[in-house]
Amino acid sequence: MAPQTRTVTATVSRSEPATTPARLRTGVCQQLRQMATAQAAVGAAVEIVWATTHLSLYPFGARAPRRGGPRNGYRIEHLSPVQRGRLVTDVTEAGTPILLLHGMADNHSIFALLRRGLLRRGFSRVFSMNYSVRTKDVRTAAVQLAEEIETIAAETGFERIHVVAHSLGGVVARYYVTRLGGDERVHTLVTLGSPHGGTLLAHLVPASLLRQLRPGSAFMQELNQPAPECRTRVIAFWSDTDEAVVPAVNASLHQEGVHSTNIRLRGVGHLSLPILPSVVHQIATRLTQLDSEGAPTASVTSIADRPA
C-alpha cells in the first residue's frame with residue numbers, strides 16, 4: 001500500500017503539558033493512536049524488514065563512501081530510457097551533485113536504495129559522507145559537512161549542490177545552511193524525518209548530543225532563530241507514525257526566512273523514509289525543479305562551463 005502524501009504549509013499550533021514527563025506521555029500516546037491503523041501496520045512491517053536488512057548492511061557502510069557516481073558523457077546508448085531522458089532534457093539538473101547525509105549512530109549504508117534510485121533516474125553525481133558516531137555536538141558535524149561540500153564543489157566544478165539528509169543529518173545540514181553560511185553552497189536541502197523542532201524522546205538519554213535535540217533546548221532556540229535571506233530551499237518529509245520524532249509534526253519545518261515545503265507521509269516508519277519508491281520519486285522530481293516556484297532554471301551552474 002503506497003503511502004499518501006500532501007503538502008503542509010501552515011504552522012501547527014498545539015498546547016503541551018507543562019512538565020516533561022507529561023509531555024512525553026502525551027506525545028507517545030498521540031503517536032500510538034496514529035499507529036493504530038491498517039496503513040500504519042503495513043508501514044510497521046516494512047520498517048521491521050528494512051531495519052533487519054539495514055543491520056546486515058551497516059558494517060559495509062563503515063567503509064569510506066564512493067566518490068560520486070558515473071560522470072556525464074557523450075555516449076548515452078548504454079543508459080536506460082529514464083536516464084537518457086533526464087540527461088537530454090535536464091542536463092544541468094541531472095549533473096548537479098547530490099550529497100547524502102545519514103542520521104545518528106548510522107552511516108551511509110542507510111542510503112543504499114535511495115542512491116541507486118537517484119542514479120537510475122539519471123542523476124550522475126551522487127556522493128555520501130560519514131560523520132563520527134561519537135559526535136557530541138551538531139555544530140561539529142556541521143563543520144565536517146562544510147568541509148565535505150567544499151571538497152565536492154572543488155572536485156565537480158559546481159558552485160552549489162543538493163543535500164538529502166535523514167534524521168539528525170537534516171538538523172546538521174540545516175545548521176550549516178542557516179548558521180554557517182552554507183546557503184551559498186546548498187541549493188536544495190531535502191530532510192527525511194529530521195527533528196527540526198526537537199524530539200521528546202531525547203529526554204530519555206542524558207547524552208550531550210541528545211540534549212541538543214530536546215524541544216526548547218538552547219541549541220534548538222539557536223537553530224530556529226530567523227534566517228533572513230537564506231538562499232537554500234528546504235523540502236521536509238515527515239511521517240505521522242515516525243517513532244523517533246515525538247511529536248511527529250516536529251519533523252516539519254517552519255522557520256522565518258527559510259523557503260520550506262513540508263510533505264506529510266502517512267504510516268511510514270523512521271528508517272523506511274529513505275527507501276520508499278514514492279519518496280525517491282518525489283525527491284527526483286523536485287531536484288529537477290530548481291527554482292522556488294518549481295520551474296527548471298540554470299541557477300545551479302558548473303564553474304567549468306563558464307568562459308575563461
Side-chain angles (χ1 to χ4, degrees), residues 7-14 16 92-93 96-99 101 131 137-150 152-153 158-199 209 211-238 245 247 249-264 283 286-301 303:
T7 301
V8 179
T9 55
T11 301
V12 179
S13 62
R14 55 193 182 277
E16 297 178 337
T92 299
E93 293 84 353
T96 301
I98 301 172
L99 175 61
L101 187 64
Y131 57 90
D137 192 316
V138 171
R139 303 173 187 87
T140 301
V143 171
Q144 294 175 352
L145 173 62
E147 294 171 351
E148 180 69 14
I149 289 177
E150 290 300 323
I152 293 173
F158 274 74
E159 290 181 308
R160 304 180 78 198
I161 74 170
H162 303 310
V163 175
V164 180
H166 179 239
S167 192
L168 175 64
V171 177
V172 172
R174 189 159 71 92
Y175 189 88
Y176 167 60
V177 300
T178 62
R179 296 291 164 246
L180 300 181
D183 59 320
E184 294 185 359
R185 284 294 190 208
V186 178
H187 180 281
T188 300
L189 167 61
V190 179
T191 66
L192 306 171
S194 298
H196 293 298
T199 173
L209 181 59
R211 281 196 290 268
Q212 293 185 330
L213 299 183
R214 293 172 181 174
S217 68
F219 173 80
M220 279 292 159
Q221 292 180 40
E222 176 191 356
L223 177 65
N224 288 296
Q225 287 293 312
E229 300 181 359
C230 177
R231 297 175 61 197
T232 298
R233 172 184 65 163
V234 180
I235 302 169
F237 288 84
W238 68 282
V245 183
V249 72
N250 279 9
S252 62
L253 177 62
H254 307 276
Q255 183 176 8
E256 183 179 339
V258 178
H259 183 278
S260 58
T261 300
N262 296 300
I263 301 175
R264 177 178 179 173
I283 292 173
R286 291 173 183 273
L287 291 187
T288 58
Q289 299 170 342
L290 293 183
D291 73 1
S292 58
E293 283 72 38
T297 175
S299 63
V300 179
T301 56
I303 297 173

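Heads up: numbering here begins at 1 and tracks the sequence. All values below come from the heavy atoms of this structure, side chains included, with hydrogens, waters and symmetry mates left out.
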Could you please spell out the steps behind the side chain to side chain contact (heavy atoms under 4.5 Å, CB included) verdict for Leu99 and Glu148? CA-CA 9 Å; Leu99 175 61; Glu148 180 69 14; 4.2 Å; yes

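- Scanning all heavy atoms of the two residues, the minimum distance from Asn250 to Pro215 falls at ND2-CG, 4.3 Å.
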Trace of the side chain to side chain contact (heavy atoms under 4.5 Å, CB included) decision for Leu223 with Arg174: CA-CA 8 Å; Leu223 177 65; Arg174 189 159 71 92; 3.1 Å; yes

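- Minimum interatomic distance between Val258 and Thr232 (heavy atoms only, all atoms of both residues): CG1-O, 4.3 Å.
- Taken to the nearest 0.5 Å, the CG atom of Leu192 stands 6.5 Å off from the NE2 atom of His166.
- Side-chain contact check for Val186 versus Ile149: some heavy-atom pair is nearer than 4.5 Å.
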Side chain to side chain donor-acceptor pair (under 3.5 Å) assessment of His196 paired with Thr191: CA-CA 9 Å; His196 293 298; Thr191 66; 3.0 Å; yes

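- Looking at residues two or more places apart in sequence or on another chain, you find a side-chain contact (heavy atoms from CB on, under 4.5 Å) between Ala173 and Leu101, Leu145, Val163, Leu189.
- Looking at Glu150 and Arg185, a side-chain N of the basic residue comes within less than 4.0 Å of a carboxylate O on the acidic one, giving a salt bridge.
- Separating the CD1 atom in Ile161 from the OG1 atom in Thr96 is a distance of 9.5 Å, to the nearest 0.5 Å.
- With Glu222 as the partner, the side-chain hydrogen bond (donor to acceptor under 3.5 Å, both in side chains) test is satisfied by one option alone out of Gln212, Arg139, Arg179: Arg139.
- Ser260 contributes atom OG, which lies 6.5 Å from atom NE2 of His254 (distance to the nearest 0.5 angstrom).
- Looking at heavy atoms from C-beta onward, Arg286 lies out of side-chain contact with Thr188 at the 4.5 angstrom threshold.
- Listed here is the closest heavy atom pair of Ala146 and Tyr176: CB-CE1, 3.4 Å.
- Leu180 and Ala142 get closest at one heavy-atom pair: CD1-CB, 3.8 Å.
- Taking 4.5 Å as the limit, every side-chain heavy atom of Arg160 sits out of range of all side-chain heavy atoms of Glu184.
- The minimum heavy-atom distance between Ala165 and Ser194, with the atom names listed, is O-OG, 4.1 Å.
- By the 30° and 60° cut-offs, the orientation of the rings of Phe219 relative to Tyr175 is parallel.
- One distance of note links OG1 of Thr140 with OH of Tyr131; it measures 11.5 Å at 0.5 Å rounding.
- Nearest heavy-atom pair across Asp183 and Arg231 is OD2-N, 3.1 Å.
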